[in-house]
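Shown next, in structure tokens, is the structure this report addresses.
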Amino acid sequence: MLGGVVAAVWTSATAQTPQTIRFAAEEWPPFVSDALPDDGLSGAMLRAVLDRLGYTARIDYFPWKRTMELGLKDGRYAGFLAVWRTPEREKLCHFSSPVGSTLTVLAYLKDKPVRAGQLTDLRGVRIGTVGGFSNGGEFDALVRQGGLGVEEGDNDETNLRKLLARRYPAMLIERRVLRHLLTTRFTAEDRGRIAVNERLFRERTVHVCFKRTHAGLVQQRAFNDAAKGVDFGQVEKAYWRRIGEVGVAGD
């Protein structure tokens with residue numbers, strides 16, 4: 001493949017053994033999590049590719065903004081995951097092949113439904129979001145223009161607790177993340193209070209962000225070349241079965 005060139009570049013970009021590559025991430029189960037096998041679905045996909053290159057992955061966890069800072073600037077890390085592609089991030093990252101597919105949903109309380117057929121219908125509704133997350137070009141543009149009001153929180157679980165406490169009427173969250181949180185961190189009563197609108201956003205892929213440097217480009221190209229030999233559909237199906245999360249639309 002790229003043999004010694006890849007080995008030299010990847011080793012120099014990390015403070016690990018020549019066969020270990022470090023990445024930064026925020027806890028975002030079930031896609032990336034220290035508490036799940038192989039560090040979550042995206043971690044499993046990352047490892048499936050690196051296995052073909054003869055490398056293993058080490059993922060270290062931080063809050064999201066710190067994850068981006070370390071992944072982009074710290075020489076110990078090759079990059080960070082899992083991240084959506086945006087025009088702004090294209091200037092910062094060499095993006096890998098997809099390591100997961102996501103769907104953002106609008107979550108609200110069943111006893112106080114928030115009706116919306118399109119994003120502009122949410123004008124005047126205070127919406128919980130995670131600080132530093134991109135929620136798609138249209139939504140982000142509406143926020144920048146003052147057309148939508150958001151309240152940024154530290155993470156999805158905190159935002160979900162705020163929603164249940166009626167701190168705001170609605171929040172944005174990835175569909176799988178919501179299902180995983182409600183299953184593992186909340187009561188059956190809480191689960192029964194939540195409803196979602198799945199029609200406002202398009203499905204989006206998530207990626208590894210390699211640094212936008214020459215070394216990062218070499219790493220990204222090697223990763224994407226190796227990814228061509230991985231059946232990600234089978235990896236994903238096997239992973240959901242492995243952690244007992246099947247039966248959601250799209251499985």
Side-chain angles (χ1 to χ4, degrees), residues 1-34 36-62 64 67-102 134 174 176 203-240 242:
M1 208 166 282
L2 295 180
V5 174
V6 175
V9 171
W10 282 28
T11 301
S12 66
T14 65
Q16 298 302 298
T17 65
Q19 298 304 115
T20 301
I21 308 300
R22 291 177 75 175
F23 297 90
E26 182 190 35
E27 281 280 343
W28 196 44
F31 292 97
V32 192
S33 176
D34 188 41
L36 289 172
D38 290 333
D39 290 276
L41 172 65
S42 295
M45 291 184 171
L46 172 74
R47 294 174 191 283
V49 176
L50 293 184
D51 280 349
R52 295 179 61 83
L53 290 168
Y55 285 83
T56 59
R58 169 176 165 176
I59 300 177
D60 297 331
Y61 291 88
F62 309 92
W64 179 244
T67 290
M68 293 182 65
E69 179 183 353
L70 290 172
L72 292 172
K73 298 178 181 179
D74 193 309
R76 294 172 298 173
Y77 295 94
F80 65 99
L81 74 155
V83 59
W84 290 303
R85 297 183 75 153
T86 68
E88 294 77 16
R89 290 174 183 166
E90 293 288 352
K91 303 171 186 176
L92 303 173
C93 303
H94 289 301
F95 284 106
S96 74
S97 301
V99 288
S101 180
T102 68
S134 166
E174 200 284 325
R176 286 273 191 189
E203 195 166 9
R204 291 188 290 168
T205 52
V206 289
H207 306 260
V208 178
C209 168
F210 292 100
K211 291 184 178 72
R212 199 164 183 82
T213 62
H214 173 69
L217 180 61
V218 172
Q219 294 164 348
Q220 179 244 31
R221 287 177 173 174
F223 185 95
N224 287 354
D225 183 59
K228 295 174 184 176
V230 176
D231 187 338
F232 287 112
Q234 286 302 116
V235 172
E236 180 168 6
K237 288 179 181 178
Y239 193 80
W240 297 137
R242 182 180 180 186

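The figures here come from the full heavy-atom set of this structure, side chains too, leaving out hydrogens, waters and symmetry mates.
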- When you look at Val230 and Val235, which way does the side-chain contact (heavy atoms from CB on, under 4.5 Å) test go after all the steps? CA-CA 8 Å; Val230 176; Val235 172; 4.0 Å; yes
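- Cation-pi geometry between Arg176 and Trp240 is met: the NZ or CZ atom falls under 6.0 Å from the ring centre, inside 45° of the normal.
- The closest side-chain heavy-atom distance from Val49 to Tyr55 is not below 4.5 Å.
- Counting heavy atoms from C-beta on, the side chains of Cys93 and Val83 never come closer than 4.5 Å.
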- Task: Would you please test Phe80 and Met68 for side-chain contact (heavy atoms from CB on, under 4.5 Å) and show each step?
- Result: CA-CA 7 Å; Phe80 65 99; Met68 293 182 65; 3.9 Å; yes
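- Judged purely by atom type and a 3.5 angstrom limit, Arg89 uses its side chain to pair as donor or acceptor with the backbone of Trp84.
- For Gln19 (side chain) and Gly54 (main-chain N/O), a donor-acceptor pair under 3.5 Å exists by modelled atom type.
- Expressed to the nearest 0.5 Å, how far CZ of Arg47 lies from CG of Asp38 amounts to 5.5 Å.
- Side-chain atoms of Gln220 and Ser96 include no donor-acceptor pair closer than 3.5 Å.
- The line from CZ of Arg85 to OG1 of Thr205 is 7.5 Å long, rounded to the nearest 0.5 Å.
- The existence of a salt bridge linking Arg76 and Asp60 is excluded, since no basic side-chain nitrogen approaches an acidic carboxylate oxygen closer than 4.0 Å.
- A donor-acceptor distance shorter than 3.5 angstrom exists from the side chain of Asp231 to the backbone of Gly233, with no hydrogens or angles considered.
- Here the straight-line distance linking atom CZ of Arg221 with atom CD of Gln219 works out to 12.5 Å at 0.5 Å rounding.
- When atom types are taken as modelled, the side chain of Thr102 and the backbone of Arg204 share a donor-acceptor pair closer than 3.5 angstrom.
- Taking the side chain as every heavy atom from C-beta outward, Leu46 and Leu81 approach each other to under 4.5 Å.
- If you take CZ on Phe223 and CG on Leu53, they are separated by 8.5 Å, rounding to the nearest 0.5 Å.
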- Applying side-chain contact (heavy atoms from CB on, under 4.5 Å), run through Phe95 and Val208 and close with a yes or a no. CA-CA 6 Å; Phe95 284 106; Val208 178; over 6 Å; no
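- Inter-residue side-chain proximity for Trp28 and Val206 is flagged as met; some heavy-atom pair is nearer than 4.5 Å.
- Smallest separation of non-hydrogen atoms from Ala82 and Trp64: O-CH2, 4.0 Å.
- In this structure a side-chain-to-backbone donor-acceptor pair under 3.5 Å is present from Arg52 to Ala226.
- The main-chain N or O of Asp34 is found under 3.5 Å from a side-chain atom of Glu27 such that the two form a donor-acceptor pair.
- Tyr77 has its ring centre no less than 6.0 Å from the ring centre of Phe23.
- Side-chain atoms of Lys211 never come within 3.5 Å of backbone atoms of Leu217 as a donor-acceptor pair (strictly under, hydrogens ignored).
- Across all non-hydrogen atoms, the minimal contact from Leu36 to Pro29 is CD1-CB, 4.1 Å.
- Formation of a donor-acceptor pair under 3.5 Å by the Tyr239 side chain with backbone atoms of Pro37 is found in this model.
- Side-chain contact between Pro30 and Leu41 is absent, with no heavy-atom pair separated by less than 4.5 Å.
- Side-chain contact between Phe31 and Glu174 is present, with at least one heavy-atom pair separated by less than 4.5 Å.
- The minimum heavy-atom distance linking Val32 with Ser42 is given by the pair CG2-CB, 4.0 Å.
- Within the 4.5 Å cutoff, no side-chain heavy atoms of Met45 are placed close to those of Pro98.
- Between the side chain of Asn224 and the main chain of Ser97, a donor-acceptor pair closer than 3.5 Å is present.
- Taking OG1 of Thr67 as the start and CG of Asp74 as the end, the distance is 11.5 Å to the nearest 0.5 Å.
- For the pair Arg212 and Leu92, the minimum side-chain heavy-atom distance is 4.5 Å or more.
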